[in-house]
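Because the structure is predicted, anything quoted here is derived from the model rather than measured. All chains are named by letter (A, B, ...) in the order of the sequence lines, taking the proteins before the strands, and each is independently numbered beginning at 1.
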Amino acid sequence: MRRRPMVWAGLLLGVGLLGWYFWPRSVPPPPVAGPPPHPTSPRILFAERSVPIPEDNPQTPAKVALGRKLFYDTRLSKDNTIACASCHKPEFAFSDGGKAVSTGIFGRKGSRNAPTLTNVGFRRHLFWEGRSPRLELQAVGPLTAHDEMGLEPEELAQRLQAIPEYAQAFREVFGEPPSLRAVTYAIAAFERTLVSYNSPFDRYQAGDDQALSPAALRGMELFFSEKGDCFHCHVGPDFTDDEPRNTALYTVYKDIGLARATGRDEDVGKFKTPTLRNVALTAPYMHDGSIRTLREVVQHYNRGGEPNLNADVLIRPLGLTEQEVDDLVAFLEALTDTSFTTNPALLPPGGKGGTP
Amino acid sequence: MKRGWLVFLWCISAYVLAAPVELKVNLRVGSQPLQWGQTYQTPQGQRYRLDLLKFYISEVALVRPDGREVRVDGLALAEFKRDGPTQGVSVMKLDVPAGQYRGLRFNVGVPRELNHLDAGTQQLPLGVNSGMYWAWNPGYIFYRLEGTALLPEGNQKWVIHMGTDTFRIPVRLHDLQTRRVQINIPPAGGAILLNLDVARAFEPGPGGVFLDWRKQSLRQLHGLSPETSLLMSVVYFNMQSAFSLAQ
């Protein structure tokens with residue numbers, strides 16, 4: 001009779017296992033549809049990623065349209081001369097075409113290079129230090145900084161409230177009058193539509209053997225090899241690990257990067273790895289715009305940078321030949337997506353030519 | 001007998017029932033009331049005007065004669081803007097038991113546990129509409145003083161933005177040893193009046209270092225770059241003694 005409990009236990013276990021096996025499981029929800037694939041291109045792998053949308057700021061067409069209008073509107077600055085697009089120009093992949101540092105209101109100069117906003121919706125960390133966690137909060141920076149757009153929250157709200165079409169649009173989209181918060185939510189929604197995945201590199205990945213030149217193909221091999229060693233930091237679909245790194249640009253950094261916020265010696269000279277998408281359109285380069293061409297950037301890596309105690313271990317003389325340097329440049333140039341910079345949905349609304 | 005009970009009840013209720021108290025601030029430059037638009041001088045002879053002052057007050061506690069603290073919840077944002085009032089401005093409402101106190105303490109800043117919540121979803125006095133959110137270095141500006149320097153080469157705007165958890169400014173205005181500090185809160189409530197000497201920020205630090213506005217890097221005091229980090233500490237140190245109880 002001592003066997004009984006064992007039998008029962010066995011039966012129960014069996015039933016349990018069957019139940020577990022047949023129990024209906026929740027299926028993960030299908031990913032939210034990203035932007036439609038480019039009509040003329042083959043199926044592009046990275047196009048299947050969708051931009052993460054925060055729960056408290058769902059995308060709606062009206063919100064994106066409002067954000068787009070705000071992004072291009074100079075009335076969002078103290079002296080009515082500067083919009084986001086003044087420093088993030090679409091034709092330069094939303095960077096500040098050719099300028100090492102940007103100029104804000106009253107001609108005030110900043111000290112850093114305006115980065116591209118290509119695929120910025122995928123970035124987990126924003127700003128060169130990488131300390132800002134989301135686009136909504138990042139936008140507070142330029143809107144209020146006294147050398148960028150320079151408006152206090154009250155002043156911004158009053159101005160927009162006095163413009164009837166904005167007053168109405170904010171009511172429709174947010175159910176509340178304009179405020180700094182609502183402005184940043186709308187602009188962030190627009191920024192999440194700044195997606196680019198139609199470069200020659202993407203087309204090559206999708207199976208188009210003709211998309212990359214032989215030089216770019218050789219450059220790609222180098223980029224992803226231990227010899228070039230670019231891919232440890234410039235990793236993933238957007239060629240960035242989103243982490244702060246020291247690339248030994250200087251021995252003594254004038255702008256100390258992450259350490260400005262943390263005060264830690266080991267953070268001196270650390271800047272967030274930038275995306276390399278559309279990088280051929282975003283010269284000059286690095287956090288201070290100090291390097292003029294892509295070739296010079298590659299040569300900087302090839303030399304192993306300047307002596308610097310904080311230099312990342314990956315930074316070392318690479319021993320690339322002149323030909324290999326050119327090949328890497330050819331690969332970087334193959335990351336350019338002109339369908340992005342000319343996408344009418346991302347240009348100033350109302351067909352207004354040019355940017356502020 | 002009955003009388004005794006009444007006195008007892010009265011004592012209890014005075015102790016338990018909170019009296020409404022307003023924390024009020026007079027802005028001073030040295031010992032004088034601050035006036036917007038007036039030109040002042042730093043100890044080093046630099047001329048300046050003040051444009052804006054905003055700061056957070058939190059973790060307020062009143063100190064009883066026996067040293068025990070009566071803590072007051074809440075966070076307030078004090079705002080002083082050009083052409084607005086600068087004297088006797090109510091910055092926070094407290095509820096404290098009536099009685100005798102030997103002073104108070106508070107922090108200028110946002111408590112750590114609130115400082116790093118998602119500012120996109122917070123309400124005033126926090127959130128981005130406060131004008132105190134720090135985009136590049138998440139968290140809030142705790143103490144924000146802005147003005148204009150009148151330099152030989154022309155006027156230049158300067159800002160002092162103290163923030164991050166390291167720069168939460170402790171203010172201690174209590175004294176248990178002597179009887180110099182006496183705050184009496186009657187059951188009907190009252191006000192506690194503080195002086196804030198904003199010019200305290202400009203006192204020189206070790207070796208005579210000071211906020212030299214001729215240097216562009218010092219016109220934006222808000223982070224720990226090599227040029228600014230020493231002065232961040234100097235201002236932080238000075239601000240701890242910038243508040244006093246008004247007589």
The side-chain hydrogen bond (donor to acceptor under 3.5 Å, both in side chains) partner of A/K78 among A/E155, A/E152, A/H146 is A/E155
Which one, [options], leads in non-hydrogen pairs under 4.5 Å with chain B?
| options | answer |
| --- | --- |
| A/D147, A/T144, A/L180, A/L143 | A/L180 |
| A/Q138, A/R134, A/K254, A/E129 | A/R134 |
| A/A261, A/A259, A/G141, A/G263 | A/A261 |

Assess the pair B/F202 and B/W213: is the distance between their ring centroids shorter than 6.0 Å?
-> yes
One option among B/T121, B/V159, B/L224 has the most heavy-atom pairs under 4.5 Å with chain A, and it is B/L224
Looking only at B/N129, B/V128, B/N137, most heavy-atom pairs under 4.5 Å shared with chain A are made by B/N129
Requested in this report: Report the C-alpha distance between B/N26 and B/N195 in whole Å, list the side-chain angles of each, state the deciding distance to 0.1 Å, and finish with yes or no for side-chain hydrogen bond (donor to acceptor under 3.5 Å, both in side chains).
Outcome: CA-CA 5 Å; B/N26 299 325; B/N195 286 335; 2.9 Å; yes
key: Sidechain N-carboxylate O distance under 4.0 Å for B/K215, B/E227   = no
Without hydrogens or angle criteria, can the side chains of A/N113 and A/K99 be said to hold a donor-acceptor pair below 3.5 Å? no
Applying a strict 4.5 Å limit to non-hydrogen atoms, the region of B/S229 in contact with chain A is neither
So which part of [X] gets closer than 4.5 Å to some heavy atom of chain B, the side chain, the backbone, both or neither?
| X | value |
| --- | --- |
| A/Y253 | neither |
| A/S111 | neither |
| A/I256 | side chain |

Taken in chain and number order and not counting sequence neighbours, the residues that satisfy side chain to side chain donor-acceptor pair (under 3.5 Å) with B/R105 are B/E69
| Under the side-chain hydrogen bond (donor to acceptor under 3.5 Å, both in side chains) criterion, do B/N107 and B/S58 qualify, and how do the steps go? | CA-CA 5 Å; B/N107 287 341; B/S58 61; 5.2 Å; no
